[in-house]
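Here is the structure we will look at, set down as structure tokens.
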Amino acid sequence: MYRNPKSGFTTRVSGSFLNTDNDYEIWGKFSKYIEPNGVVQRNYRTKRFFDGYRELSGRFEAGFTDVKWADAFFLGYNISDSYNEIQHGQTMGTPYMGRTSEASANVLSLTYNKKDLLIPGLGLSTNAVHSFRNTNILILCLGHTTGMDKSVSI
């Protein structure tokens, strides 16, 4: 944060980056493997696959603090982008392999706070936000085995 003590001009900047590849080992009563001949192996020990996640975000605000007309006044801009490899749905019953989501968001904001506005004890606090968000689900299907010795290509 930067603040000019004479004018009250203030800036705030922050950001984050997250990158993970969740390839840890799993097992338990809900972890099972169905062999091609239909035999079910329960408590199957395996590693997760295709389960990465990446996010990059930033927040930029400029305004004034501790001035006659405002305790805080900021115009802000938030931006974020994310990429997610979707391994399966709510349960691990059917792995997807090839499904990903990509999301981006652009957010504009206005923040205003003032105590003792016009008369002592009267305050005003406003936080207005407008968001533009986009999400894409990408499905890459090279083939799918139906379990009946047939292969369906899409």
Side-chain angles (χ1 to χ4, degrees), residues 1-34 44-146 152-154:
M1 183 171 117
Y2 164 79
R3 182 176 189 277
N4 181 309
K6 189 174 182 180
S7 68
F9 179 74
T10 306
T11 60
R12 298 188 290 201
V13 177
S14 63
S16 67
F17 176 72
L18 173 66
N19 188 39
T20 182
D21 189 7
N22 299 316
D23 61 353
Y24 51 87
E25 191 173 36
I26 60 169
W27 68 93
K29 71 179 185 177
F30 297 109
S31 179
K32 61 186 176 184
Y33 175 70
I34 302 173
Y44 188 73
R45 259 187 132 86
T46 188
K47 275 191 147 189
R48 290 180 66 90
F49 62 92
F50 195 72
D51 198 19
Y53 180 79
R54 181 180 64 247
E55 179 190 17
L56 178 64
S57 64
R59 181 177 181 143
F60 311 92
E61 292 179 296
F64 295 89
T65 56
D66 299 324
V67 292
K68 183 179 178 182
W69 50 273
D71 296 332
F73 171 79
F74 285 101
L75 294 175
Y77 175 67
N78 295 15
I79 184 170
S80 69
D81 285 301
S82 66
Y83 169 82
N84 186 23
E85 295 172 343
I86 305 169
Q87 186 185 39
H88 51 73
Q90 286 185 317
T91 68
M92 292 190 289
T94 305
Y96 294 148
M97 192 60 188
R99 184 175 289 188
T100 62
S101 70
E102 295 177 352
S104 63
N106 294 281
V107 182
L108 303 173
S109 64
L110 171 109
T111 304
Y112 179 82
N113 296 311
K114 178 67 176 155
K115 293 179 186 173
D116 298 327
L117 180 68
L118 304 175
I119 60 172
L122 178 65
L124 177 64
S125 179
T126 303
N127 187 13
V129 177
H130 188 75
S131 175
F132 305 92
R133 182 165 169 81
N134 185 32
T135 302
N136 295 309
I137 304 292
L138 307 166
I139 303 171
L140 175 62
C141 295
L142 299 176
H144 174 69
T145 304
T146 63
V152 178
S153 296
I154 298 173

Can you check whether [Y]'s main-chain N or O pairs, donor with acceptor, with [X]'s side chain at less than 3.5 Å?
X	Y	value
Asn22	Gly52	no
Asn4	Lys6	yes
Asn113	Ala72	no
Lys114	Leu122	no

I would like to know whether Ser82 and Tyr53 meet side chain to side chain contact (heavy atoms under 4.5 Å, CB included); could you show each step before the answer? CA-CA 7 Å; Ser82 66; Tyr53 180 79; 3.9 Å; yes

Working to the nearest 0.5 angstrom, can you tell me the gap between [X] [atom1] and [Y] [atom2]?
X	Y	atom1	atom2	answer
Arg3	Asp66	CZ	CG	5.0 Å
Tyr83	Asn19	OH	CG	11.0 Å
Arg12	Thr65	CZ	OG1	8.5 Å
Ile79	Asp81	CD1	CG	5.5 Å
Asn106	Arg133	CG	CZ	10.5 Å
Leu75	Thr111	CG	OG1	8.5 Å

What pair of heavy atoms forms the shortest contact from [X] to [Y], and how long is it?
X	Y	answer
Ile86	Thr100	CD1-C, 4.1 Å
Asp116	Gly121	OD1-N, 2.7 Å
Gln87	Phe50	CB-O, 3.6 Å
Ser101	Ile137	CB-CD1, 3.5 Å
Ser7	Val67	O-CG1, 3.5 Å

Over 60° means perpendicular and under 30° means parallel, so classify the ring planes of Phe60 and Tyr77, tilted if in between.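 Ring orientation, 0 to 90° scale: parallel.
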
Chi angles and distances behind the side chain to side chain contact (heavy atoms under 4.5 Å, CB included) call for Leu110, Phe73: CA-CA 8 Å; Leu110 171 109; Phe73 171 79; 3.6 Å; yes

Under the ring-ring contact (aromatic ring centres under 6.0 Å, His included) test, which residues partner Phe64, sequence neighbours left out?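 Listed in chain order: Phe9, Trp69.
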
Between Ile26 and Tyr24, is there a side-chain heavy-atom distance shorter than 4.5 Å?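 They are in contact (side-chain heavy atoms under 4.5 Å apart), so the answer is yes.
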
